[in-house]
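For reference, the structure discussed in these notes is given below.
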Amino acid sequence: MSKPEKVFKVGPVRASIFRNSIERNGKSFLLPKVVLEVRYKDALGQWKGTNSLSLNDLPKAVLALQSAYAYLLEQSKDPLEPQNT
């Protein structure tokens, strides 16, 4: 998996931004996607990730997603604006 463009962390919750390259009408576009994940240590002390959120994770997820949304709005008013890939 490629590295994210930007990661917003609030406690154990992460909102990671990736750009997927797509083609439309012969032009290349970078389409933003956001992946939401909660990081935790398992019983053996290994870091793991899940997409299942607890009650306490919900406000953290909201903050992380709001930050990701604000970042993407600053980057481009039109997410389908042609980009060099």
Side-chain angles (χ1 to χ4, degrees):
M1 179 179 243
S2 64
K3 287 191 172 192
E5 174 181 326
K6 186 85 170 166
V7 178
F8 296 93
K9 299 176 189 176
V10 181
V13 179
R14 293 179 178 187
S16 303
I17 298 174
F18 293 86
R19 300 275 179 169
N20 292 344
S21 181
I22 62 168
E23 291 212 17
R24 185 174 288 170
N25 298 325
K27 296 181 183 177
S28 292
F29 299 88
L30 292 174
L31 186 64
K33 296 289 183 175
V34 178
V35 175
L36 188 66
E37 180 182 45
V38 178
R39 301 289 292 168
Y40 67 95
K41 282 190 177 182
D42 67 9
L44 299 175
Q46 300 294 315
W47 283 103
K48 303 283 184 175
T50 183
N51 299 105
S52 178
L53 284 74
S54 70
L55 178 62
N56 291 332
D57 292 331
L58 293 175
K60 296 170 188 167
V62 168
L63 289 173
L65 289 170
Q66 284 176 331
S67 296
Y69 180 67
Y71 172 82
L72 290 171
L73 284 180
E74 289 174 6
Q75 297 300 306
S76 175
K77 294 295 181 192
D78 182 2
L80 293 180
E81 182 179 307
Q83 309 253 335
N84 294 329
T85 60

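In what follows, every heavy atom counts, from backbone to side chain, and hydrogens, waters and symmetry copies are set aside. One is the number of the first residue; the rest follow in order along the sequence.
Atom NZ of K9 is separated from atom CD of E37 by 10.5 Å, given to the nearest 0.5 angstrom. Taking CD of Q46 as the reference point, atom NZ of K41 lies at 9.0 Å (rounded to 0.5 Å).
Hydrophobic clustering of Ile, Leu, Val, Met, Phe, Trp and Tyr side chains at less than 4.5 Å, counting indirect connections, keeps L63 apart from L53. Under a hydrophobic clustering in which Ile, Leu, Val, Met, Phe, Trp and Tyr are joined whenever their side-chain heavy atoms come within less than 4.5 Å, directly or via other members, L36 and Y71 fall into the same cluster. Under a hydrophobic clustering in which Ile, Leu, Val, Met, Phe, Trp and Tyr are joined whenever their side-chain heavy atoms come within less than 4.5 Å, directly or via other members, L55 and V62 fall into different clusters.
Side-chain contact between S2 and F18: present, with at least one pair of heavy atoms (C-beta onward) separated by less than 4.5 Å. Counting heavy atoms from C-beta on, the side chains of K6 and Q75 never come closer than 4.5 Å. Residues P4 and I17 are not in side-chain contact: their nearest non-hydrogen atoms beyond the backbone lie 4.5 Å or more apart.
What you find for V10 and A64 is that their closest heavy atoms are CG2-N, 3.8 Å. Residues T50 and S52 come closest through the heavy atom pair OG1-N, 3.1 Å. P12 and D57 make their closest contact through CG-OD1, 3.9 Å (heavy atoms, listed as atom of the first residue, atom of the second, distance). The two residues R39 and G49 make their nearest non-hydrogen contact at NH1-N, 3.6 Å. Across all their heavy atoms, S67 and F8 have their closest contact at CB-CD2, 3.5 Å.
Distance alone, capped at 3.5 Å, places no donor-acceptor pair between the N25 side chain and the K27 backbone.
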